[in-house]
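Before I ask anything, here is the structure I am working with.
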Amino acid sequence: ATASFTCKNADDRTSAGSEIFKGLASVGQQSSLGGLLYGLGDNRRALGVATDEGYYELDAGLKLERKDDAATARFIRERFAIPKNVVTLEPGSALVVDDKGRRWRLPVGDPEFAAPTDGGLLRICREVATERDLFNCMGTFYELPAENADGFAKIRPIASHNFRINDYASYRGMLVMTGIALSEAGRNPHVIVSGDKKAAVWAGAIDDLWTMGKPVGRGGPWHLTQVIAGVPSDPYLFGFYDKRTLSATSDKPLALRIEMDPTGNGDWMRLATHRITPDREFTLELPDDLQAHWIRFVSDTDARVTTWLEYR
């Protein structure tokens, strides 16, 4: 794949995005046309699509046809099965532990994503451009750099959505996705349906993702968590969102220190310290011009604490 990501302003994410992605099943839909994707080798120049209904191939002319090839279908199902337990889903965040043992927490979207994510029904991560992965977690697509570019430390959200995307892969410079609503198949020129109407894929440009929806989310690193005085929370993603509100509660009076990592390099800086009391919820509108990649919290008291961020 040679495609690259192009950054666009939030104002560019208009209703046009909903038309481009029309036909993708919503996360609440239990029935959809899914399938595992694999760009075939041996100069076959086609994209294999292994579905519950059979095996299909998308050719250079963007025609999706059923094929009698049990060996390739079995190879795709075995070698490209969606792994389970890639992330740990908790009430306030999605926890990722990278190859270096570092812990990172990401915002969450619709709770409906939890069951299919845990069940291995939704692809979480795949390389779709050179040394650039797409990471799709709890309703948000992220750009994930390669490990040699510091991986999760430099992750950034691309777009938030409400689609039950089964799999995605690059093919001939395009982004191809499965998880098509049965009722919508064929109503969008981006959706390619097989002749027998039992398989379908969405095809477009990787940059189309930037029109899918503004990055939003909610959660925090602590959710009714018994914290230890002086021990920082896990880093929680902060950068590339706007209209951000922080709320905090505690079962004991404490001083809550807010720390920011501006670059993702682990250089933590104190932003402010606020008094939290059990009798009321603390809220803070974070200014739009406050920029940092990660946020974390430190309490000066052992207590049960919630720190909650809304990205609207």
Side-chain angles (χ1 to χ4, degrees), residues 1-5 21 23-25 31-87 116-137 141-147 158 161 163-182 185 188 190-209 212:
T2 58
S4 61
F5 298 108
F21 296 101
L24 290 173
S31 298
S32 62
L33 297 175
L36 299 178
L37 303 173
Y38 171 63
L40 303 179
D42 298 326
N43 204 31
R44 293 172 67 174
R45 300 173 181 270
L47 182 72
V49 185
T51 78
D52 291 339
E53 298 292 334
Y55 174 67
Y56 297 78
E57 289 184 3
L58 182 68
D59 63 19
L62 298 184
K63 186 175 182 181
L64 185 62
E65 291 186 314
R66 188 180 183 114
K67 300 289 184 179
D68 184 12
D69 191 343
T72 300
R74 184 170 57 253
F75 173 83
I76 294 173
R77 292 190 181 102
E78 292 176 356
R79 297 290 296 275
F80 293 92
I82 298 173
K84 299 179 181 180
N85 303 317
V86 175
V87 299
T117 298
D118 279 340
L121 301 179
L122 308 179
R123 178 74 66 188
I124 300 293
C125 188
R126 198 162 197 177
E127 185 179 38
V128 297
T130 303
E131 295 191 345
R132 287 292 185 273
D133 288 0
L134 277 181
F135 190 81
N136 182 33
C137 181
F141 269 113
Y142 301 86
E143 179 188 10
L144 177 62
E147 282 296 317
I158 293 173
H161 63 87
F163 299 127
R164 190 185 180 93
I165 297 167
N166 180 202
D167 201 0
Y168 52 92
S170 58
Y171 174 63
R172 293 179 175 266
M174 297 180 298
L175 176 67
V176 180
M177 299 188 288
T178 59
I180 310 301
L182 296 170
N188 181 353
H190 283 268
V191 175
I192 302 163
V193 184
S194 63
D196 63 6
K197 311 297 184 184
K198 294 183 178 181
V201 300
W202 180 96
I206 295 175
D207 283 356
D208 287 336
L209 290 179
M212 183 177 268

Practice task
Grab the two heavy atoms, one from Tyr55 and one from Gly48, that are nearest each other, plus how far apart they are.
Solution key: OH-CA, 3.6 Å

Completion exercise
Scanning both residues in full, the closest heavy-atom pair of Ala60 with Tyr171 reads N-OH, 3.5 Å

Problem - Contact summary for His190 and Asp208, nearest pair of heavy atoms - result: CE1-OD2, 3.9 Å

Problem - Pair Ile82-Leu122, side-chain contact (heavy atoms from CB on, under 4.5 Å): steps then yes or no - result: CA-CA 7 Å; Ile82 298 173; Leu122 308 179; 5.8 Å; no

Handout entry: Candidate pair Met177 and Leu37, rule side-chain contact (heavy atoms from CB on, under 4.5 Å), full reasoning
Key = CA-CA 8 Å; Met177 299 188 288; Leu37 303 173; 5.8 Å; no

Handout entry: Flag, side chain of Ser32 to backbone of Gly34, donor-acceptor distance under 3.5 Å
Key = no

Problem - Closest non-hydrogen atom pair between Asp196 and Ala199, with its separation - result: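 So the minimum-distance heavy-atom pair works out to OD1-N, 4.2 Å.
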
Problem - Contact list for residues 39-50, test salt bridge (Lys or Arg N to Asp or Glu O under 4.0 Å), sequence neighbours left out - result: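 For residues 39-50, and leaving out neighbouring residues, the salt bridge (Lys or Arg N to Asp or Glu O under 4.0 Å) pairs sorted by first residue read Arg44-Glu57, Arg44-Asp69.
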
Exercise for the section: State, to 0.1 Å, how close Arg123 and Ala81 come at their nearest heavy-atom pair, and which atoms those are. Expected result: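 Distance-wise, the nearest heavy atoms are NH1-O, 3.7 Å.
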
Practice task
Take the angle between the ring planes of Phe141 and Tyr168 and call it parallel below 30°, perpendicular above 60°, tilted in between.
Solution key: perpendicular

Practice task
State, with a plain yes or no, whether a side-chain heavy atom of Leu40 is found less than 4.5 Å away from one of Phe75.
Solution key: no

Exercise for the section: For the residue pair Leu64 and Val49, establish whether any side-chain heavy-atom pair is separated by less than 4.5 Å. Expected result: yes

Exercise for the section: Starting at CD1 of Ile165, measure out to OG1 of Thr178 and round the result to the nearest 0.5 Å. Expected result: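 With rounding to 0.5 Å, CD1 (Ile165) is 8.5 Å from OG1 (Thr178).
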
Problem - Main-chain N/O of Leu62 paired with Arg172 side-chain donor or acceptor, under 3.5 Å - result: no

Exercise for the section: Could you give me the CA-CA distance, side-chain angles and deciding distance for Asp167 and Arg126, then say whether side-chain contact (heavy atoms from CB on, under 4.5 Å) is met? Expected result: CA-CA 9 Å; Asp167 201 0; Arg126 198 162 197 177; 3.2 Å; yes

Completion exercise
Residue set satisfying side-chain contact (heavy atoms from CB on, under 4.5 Å) with Lys63, at least two apart, ordered chain then number -> Asp59, Glu65

Handout entry: Distance, nearest 0.5 Å, that separates CG of Asn136 from CG of Leu144
Key = 12.0 Å

Problem - Smallest separation among heavy atoms of Gly39 and Leu47, with atom names - result: N-CD1, 3.6 Å

Handout entry: Nearest-0.5 Å distance that lies between atom CD1 in Ile192 and atom CG in Leu58
Key =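 Reported value, rounded in 0.5 Å steps: 5.0 Å.
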
Exercise for the section: Please confirm whether the backbone N or O of Phe135 pairs with a side-chain atom of Asp133, one donor and one acceptor, at under 3.5 Å? Expected result: no

Handout entry: Gap separating the CG atom of Leu33 from the CG atom of Leu24, nearest 0.5 angstrom
Key =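 So the CG of Leu33 and the CG of Leu24 are separated by 11.0 Å.
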
Handout entry: Distance (rounded to the nearest 0.5 Å) between Thr117 OG1 and Lys84 NZ
Key = 12.5 Å

Handout entry: Side-chain donor/acceptor of Thr51 to backbone N/O of Gly54, under 3.5 Å
Key =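 Answer holds: yes.
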
Handout entry: Arg77 side chain vs Thr72 backbone, donor-acceptor pair below 3.5 Å
Key =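 Checked: no pair found.
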
Practice task
Side-chain contact test, heavy atoms from C-beta onward, threshold under 4.5 Å: evaluate it for Leu121 versus Arg164 and give yes or no.
Solution key: yes

Exercise for the section: Could I get the full list of side-chain hydrogen bond (donor to acceptor under 3.5 Å, both in side chains) partners for Asn166, not counting sequence neighbours? Expected result: none

Exercise for the section: Taking the side chain as every heavy atom from C-beta outward, state whether Arg79 and Tyr38 have any atom pair closer than 4.5 Å. Expected result: no

Practice task
Report the C-alpha distance between Val201 and Ile180 in whole Å, list the side-chain angles of each, state the deciding distance to 0.1 Å, and finish with yes or no for side-chain contact (heavy atoms from CB on, under 4.5 Å).
Solution key: CA-CA 7 Å; Val201 300; Ile180 310 301; 5.7 Å; no

Practice task
Give the ring-plane orientation class for Phe21 versus Trp202, where under 30° counts as parallel, over 60° as perpendicular and anything between as tilted.
Solution key: parallel

